[in-house]
Amino acid sequence: MVETGQKMEESKGPVSFLDPALRPVWKTVLLKWARTVLMLCVFILCVLSLYWAVQFNVEKNIPALKVWVVDFDDAQDALVGPAVTDLAEKIIAADNGDLGYTVKPASEFNNDPIAVRQAVYDEHCWAAIVVNADATRLLRDAVTTGNDSYDPSDAAQFIILSARDQTTVSSYITPSFNAFELQLRSEFGPQWVRSLAQQSANLTRVPQAVNPAVGFTTLDLRPFAPAVATPSVTIGLIYLIILSFFSFPFLMPIHATLLHGNHPPLKIPQWILWRLLSSIAAYFFMSLFYSFVSLAFQIPFSNAPAPDTISAENPNAYGRGSFVVFWMLNWVGMAALGLPCENMAMVLGPFSPLWLIFWVICNVSTGFYALDLAPGFFKWGYAWPLHRIVEALRTILFGTHSRIGLDFGILFAWVAVSLAFFPVATFVMRWRMKRGW
């Protein structure tokens, strides 16, 4: 009997891979392992595809970046204005995947170049090319009178708005404008020199009026600066999502003490109310310290607003009150991003990290990239929280065209839906816990 007991004790010790006692266990382990890995593989394929898909066929969608070409050169026998519009028409006819150039008559803007700037600021188009009034007359007068103060870049303007989306402007619009200017000079220059040679003009008096003769001034209505502002409207917002998600596991043990312990448990409806109020209060303070990071690194928050059609660097939309608006936006944004995370954490339990990955990817895909360049499938991104946060932040920090009422409205809608779903998620969590899931 003693020997039998010793053998049974020895059989309970660790065994090797191929021990016969583990055969049924291996079957269960390998089945669960294969099922879990398959689920993760399908998840990776489906969810990560969102991030790749938002950049799919960007080159084909570049014509969606509208650029208006407006000729205010109204001189008789004008040369500069027609040269610019003819080049734009040639690019449109070529249909080679360039920007979406559209030639607009000056009368559509009441012959006022400032109205074109306003259209760019109001985001009716991504950029504009404006041929200044009297461009041809000033060029001819420079040659005729020997005006050595003539500046070729006064002939026309590129009007851009970098703070709307600095990546899109620098990656697609600016290179296309540089190519446009080079092509214009290569086509206009020889024609202009032949015209001067026929007039027996003295080509040495004002050389810049001969070559390059015409050029462009770039007017950036809202430059994207300083560089330290980049995290506030891009990668830094990923941490806003992560912080709002991880507040749940940190606070949940604290909430549980109201239901368990040497005291009567709190009524469930009041416990749910406590959880909601405490979470929103936590977001209030967390968003404040998140906002302090931007303040500590001297991102401007006290500059005065600037007129829409004047180039201005860091004109804060709300003057000295901009930091408070910035904080309130981060607070409401954190609630709009965090409350869905709390709901899904309660519903999904151990699978909630998969939700975090999905939530980050779908918000980043629609928040950090120009949806004009994305496939039509991503139109839903205009209603996603991070897209509205990024748009409102650009208004606060750079004074871009404001839709802040709509931005806050959509964020509040996300909060309201999350609050409505919160009791249901709590019920699901308690139901899972009672069954030991």
Side-chain angles (χ1 to χ4, degrees), residues 51 54-55 58-59 61-68 98-100 117-129 157-181 216-240 293-294 297-301 303 305-306 308-317 322 326 329-330 333 363-374 378 381-382 384 386-404 407:
Y51 190 73
V54 77
Q55 292 286 293
V58 162
E59 291 76 13
N61 294 331
I62 287 177
L65 302 177
K66 297 179 183 177
V67 176
W68 291 352
D98 209 327
L99 300 175
R117 297 186 191 180
Q118 188 69 53
V120 175
Y121 178 84
D122 290 340
E123 300 182 4
H124 297 309
C125 57
W126 275 87
I129 298 176
Q157 290 182 334
F158 293 138
I159 301 173
I160 59 175
L161 188 70
S162 294
R164 179 180 178 180
D165 187 332
Q166 71 279 9
T167 302
T168 299
V169 172
S170 62
S171 299
Y172 305 111
I173 294 177
T174 300
S176 181
F177 278 179
N178 291 339
F180 189 98
E181 182 171 14
F216 293 84
T217 299
T218 299
L219 177 65
D220 193 345
L221 296 176
R222 294 293 183 269
F224 184 89
V228 73
T230 304
S232 296
V233 294
T234 54
I235 303 301
L237 291 169
I238 295 177
Y239 304 119
L240 194 70
V293 176
S294 295
F297 286 92
Q298 301 179 13
I299 295 176
F301 284 105
N303 293 340
D308 298 350
T309 56
I310 302 297
S311 178
E313 190 168 322
N314 293 122
N316 300 132
S322 295
F326 179 76
L329 176 68
N330 288 328
N363 273 283
V364 167
S365 299
T366 55
F368 295 168
Y369 298 97
L371 293 182
D372 286 345
L373 294 175
F378 286 93
Y382 289 107
W384 237 237
L386 201 63
H387 182 87
R388 309 316 308 192
I389 294 171
V390 170
E391 184 173 275
L393 286 173
R394 291 181 184 277
T395 296
I396 296 167
L397 297 177
F398 308 114
T400 59
H401 178 64
S402 177
R403 297 187 186 89
I404 203 159
D407 298 328

Is the backbone N or O of Arg403 less than 3.5 Å from a side-chain atom of Glu391, with the two atoms forming a donor-acceptor pair by type?
no
Flag side-chain contact, heavy atom, 4.5 Å: Arg394 against Gln166
yes
Can Cys125 and Val120 be said to form a side-chain contact (heavy atoms from CB on, under 4.5 Å), step by step?
CA-CA 5 Å; Cys125 57; Val120 175; 3.7 Å; yes
Among Tyr382, Phe378, Tyr369, whose ring pair (Phe, Tyr, Trp, His ring centres under 6.0 Å) with His387 holds?
Tyr382
Under 3.5 Å, which donor-acceptor pairs do the side chains of residues 217-229 form with other protein atoms, sequence neighbours left out?
unit_1: Thr217; atom_1: OG1; unit_2: Ser153; atom_2: O; d: 2.7
unit_1: Asp220; atom_1: OD1; unit_2: Ser162; atom_2: N; d: 3.0
unit_1: Asp220; atom_1: OD1; unit_2: Arg222; atom_2: N; d: 3.4
unit_1: Asp220; atom_1: OD2; unit_2: Ser162; atom_2: OG; d: 2.5
unit_1: Arg222; atom_1: NE; unit_2: Phe398; atom_2: O; d: 3.4
unit_1: Arg222; atom_1: NE; unit_2: Gly399; atom_2: O; d: 3.2
unit_1: Arg222; atom_1: NH1; unit_2: Ile310; atom_2: O; d: 2.8
unit_1: Arg222; atom_1: NH2; unit_2: Ala306; atom_2: O; d: 3.3
unit_1: Arg222; atom_1: NH2; unit_2: Pro307; atom_2: O; d: 3.0

Does any part of the side chain of Trp126, heavy atoms only, come nearer than 4.5 Å to the side chain of Tyr172, both counted from C-beta?
no
Backbone N/O of Asn303 and side chain of Asn316: donor-acceptor pair under 3.5 Å
yes
Please check if the side chain of Ser170 supplies one atom and the backbone of Thr167 the other of a donor-acceptor pair under 3.5 Å.
yes
Can you list the residues that meet the ring pair (Phe, Tyr, Trp, His ring centres under 6.0 Å) rule with Phe177, with sequence neighbours excluded?
Phe158
Residue that, paired with Ile238, satisfies side-chain contact (heavy atoms from CB on, under 4.5 Å) out of Asn363, Val364, Leu386:
Val364
Phe368 side chain near Val390 side chain, heavy-atom distance below 4.5 Å:
yes
Output all residues satisfying side-chain hydrogen bond (donor to acceptor under 3.5 Å, both in side chains) with Gln118, sequence neighbours left out; order by chain, then residue number.
Asp122, Asp308
Any Leu65 side-chain heavy atom under 4.5 Å of Leu373 side chain
yes
Are Asn314 and Ile299 side-chain neighbours, meaning at least one heavy-atom pair lies under 4.5 Å?
no
